[in-house]
Amino acid sequence: MPIQEQLMRAHRTALSDCSKCPEMIGPVVSGSPVLSKILLIGQAPGDKEGGFGKPFAWTAGKTMFKWFERIGLDEETFRQRVYMAAVCRCFPGKNPKGGDRVPSSVEIDHCAGWLQAEVDLLKPDLILPVGKLAISQLMPVKKLNDVIGKLHPVTFHGHRTEAIPLPHPSGASTWHRTESGLALLESALTILQDHPAWQQICQAGMSDNL
């Protein structure tokens, strides 16, 4: 077995056994262990993802995968070709005031080690941070309008790469469905569609069928 696959297996085994955060609700949720040059970073799983055993498995995911399908990859293919991570890998629980609890800085720091290991292993050519919490791990962000719709050079966990921030596809958010946000989302998807890393994974299926 190639060394990169061995390292990925060892990483995933350790990740699935993580219990550093007592207030987080397991299980650990991760995407497919694909050795991809594109790394998607979500915020944290919701209450449904643990049962499905995969990230973005509920309504927000349906919206997000429609975005990607419009530029060349359906959900199944995306999951097979893009490594899907998150700022935090377990469900944070509900906020008494409504919605999901925002992970604490300590919880984010605990999970940052897993992201560091994945960046070291994958050395991604492109990162897709989804939602403000994920975007803020890579760059300062006060307003989504300031960062979405652009290609950003970033250094993340010591690795120089590029990032295309995306809004969180939550039904509770109106940003990506109102005029200015909708236009910036379209710009982001156009930039993504034209990015060499995206074109490479889209073309992988064509070469597989030759």
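Quick note: residue numbers are just sequence positions, from 1. Since we're looking at a predicted model, the values are computed, not measured.
Residues Cys18 and His110 fail the side-chain proximity criterion, which asks for heavy atoms closer than 4.5 Å. Contact check for Leu73 versus Arg81: side-chain heavy atoms found under the 4.5 Å cut-off. No side-chain heavy atom of Phe65 sits under 4.5 Å from any side-chain heavy atom of Thr77. Looking only at side-chain heavy atoms (C-beta outward), Arg12 and Met8 come within less than 4.5 Å of each other. With contacts defined as side-chain heavy-atom distances shorter than 4.5 Å, the pair Leu192/Phe68 qualifies.
Counting side-chain heavy-atom gaps under 4.5 Å among Ile, Leu, Val, Met, Phe, Trp and Tyr, the cluster of Trp58 also holds Phe52.
In this structure, the ring of Trp114 has its center less than 6.0 angstrom from the ring center of His11.
Here Ile191 contributes atom CD1 and Lys150 contributes atom NZ; the two are 9.5 Å apart, rounded to the nearest 0.5 Å. Atom NE2 of His176 sits about 10.0 Å away from atom CG of Leu144, to the nearest 0.5 Å. Rounding to the nearest 0.5 Å gives a distance of 11.5 Å between CG of Asp146 and CE of Met139. Note that SG of Cys111 is 10.5 Å distant from CD of Gln137, once rounded to the nearest 0.5 Å. Here the NE2 atom belonging to His195 is positioned 8.0 Å from the CD1 atom belonging to Ile38, to the nearest 0.5 angstrom. Here the CG-NZ distance, from Asp109 to Lys20, works out to 10.0 Å after rounding to the nearest 0.5 Å.
Follow the hydrophobic side-chain contacts under 4.5 Å out from Leu151 and you reach Ile71 in the same cluster. No continuous path of ILVMFWY side-chain contacts below 4.5 Å connects Ile41 to Trp198, so the two sit in separate hydrophobic clusters. Residues Phe56 and Val82 are members of one and the same hydrophobic cluster, defined by side-chain heavy-atom contacts under 4.5 angstrom among Ile, Leu, Val, Met, Phe, Trp and Tyr. If you chain together hydrophobic residues whose side chains sit under 4.5 Å apart, Leu121 and Leu40 never meet in one group. No chain of hydrophobic side-chain contacts below 4.5 Å, direct or via other Ile, Leu, Val, Met, Phe, Trp or Tyr residues, connects Ile148 to Trp67.
By the side chain to side chain contact (heavy atoms under 4.5 Å, CB included) test, Asp125 pairs with Lys37, Ala197, sequence neighbours left out. By the side chain to side chain contact (heavy atoms under 4.5 Å, CB included) test, Ser32 pairs with no residue at all, sequence neighbours left out. With sequence neighbours excluded, the residues satisfying side chain to side chain contact (heavy atoms under 4.5 Å, CB included) with Pro129 are Ile127, Ala134, Ile135, Leu138, Ala163, Pro165. For Gln116, the side chain to side chain contact (heavy atoms under 4.5 Å, CB included) partners at least two apart in sequence or on another chain are Asp120, His157.
Heavy atoms only, all atoms of each residue included: His152 and Val147 are closest at NE2-O, 2.7 Å. Across all their heavy atoms, Glu162 and Val154 have their closest contact at C-CG2, 4.2 Å. When all heavy atoms are compared, the tightest approach of Arg70 to Leu189 is NH2-CD1, 3.8 Å. The minimum heavy-atom distance between Pro124 and Thr161, with the atom names listed, is O-OG1, 2.8 Å. For the residue pair Leu185 and Pro167, the shortest heavy atom distance occurs at CD1-CD, 3.9 Å. Minimum interatomic distance between Val130 and Gln43 (heavy atoms only, all atoms of both residues): O-CG, 3.4 Å.
Heavy-atom neighbours of Gln6 CD from other residues, nucleotides or ligands within 6.0 Å: above the threshold of 12. Environment of CD in Glu23: sparse, with no more than 12 heavy atoms of neighbouring residues, nucleotides or ligands closer than 6.0 Å. Other residues, nucleotides and ligands contribute over 12 non-hydrogen atoms within 6.0 Å of the CZ atom of Arg177.
Looking only at distances, a side-chain donor or acceptor of Glu49 sits under 3.5 Å from a matching main-chain atom of Gly46. The closest donor-acceptor contact from the side chain of Thr178 to the backbone of Gly181 lies at 3.5 Å or more, if one exists at all.
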Practice problem: Begin from the C-alpha positions of Leu182 and Trp175 and carry the test side-chain contact (heavy atoms from CB on, under 4.5 Å) through to its verdict. | Solution: CA-CA 7 Å; Leu182 189 60; Trp175 188 92; over 6 Å; no
Quiz item: Would Leu39 and Leu128 satisfy side-chain contact (heavy atoms from CB on, under 4.5 Å), going step by step from the backbone distance to the final call?
Solution: CA-CA 6 Å; Leu39 171 65; Leu128 304 175; over 6 Å; no
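A salt bridge between Glu75 and Arg79 is present, with a side-chain N of the basic residue lying under 4.0 Å from a carboxylate O of the acidic one.
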Report, one line per pair, each donor and acceptor closer than 3.5 Å where one atom sits in a side chain of residues 85-95; sequence neighbours left out.
unit_1: Arg89; atom_1: NE; unit_2: Ala86; atom_2: O; d: 2.8
unit_1: Arg89; atom_1: NH1; unit_2: Glu118; atom_2: OE2; d: 3.1
unit_1: Arg89; atom_1: NH2; unit_2: Glu118; atom_2: OE1; d: 2.6
unit_1: Lys94; atom_1: NZ; unit_2: Asp100; atom_2: OD1; d: 2.9
unit_1: Asn95; atom_1: OD1; unit_2: Lys97; atom_2: N; d: 2.8

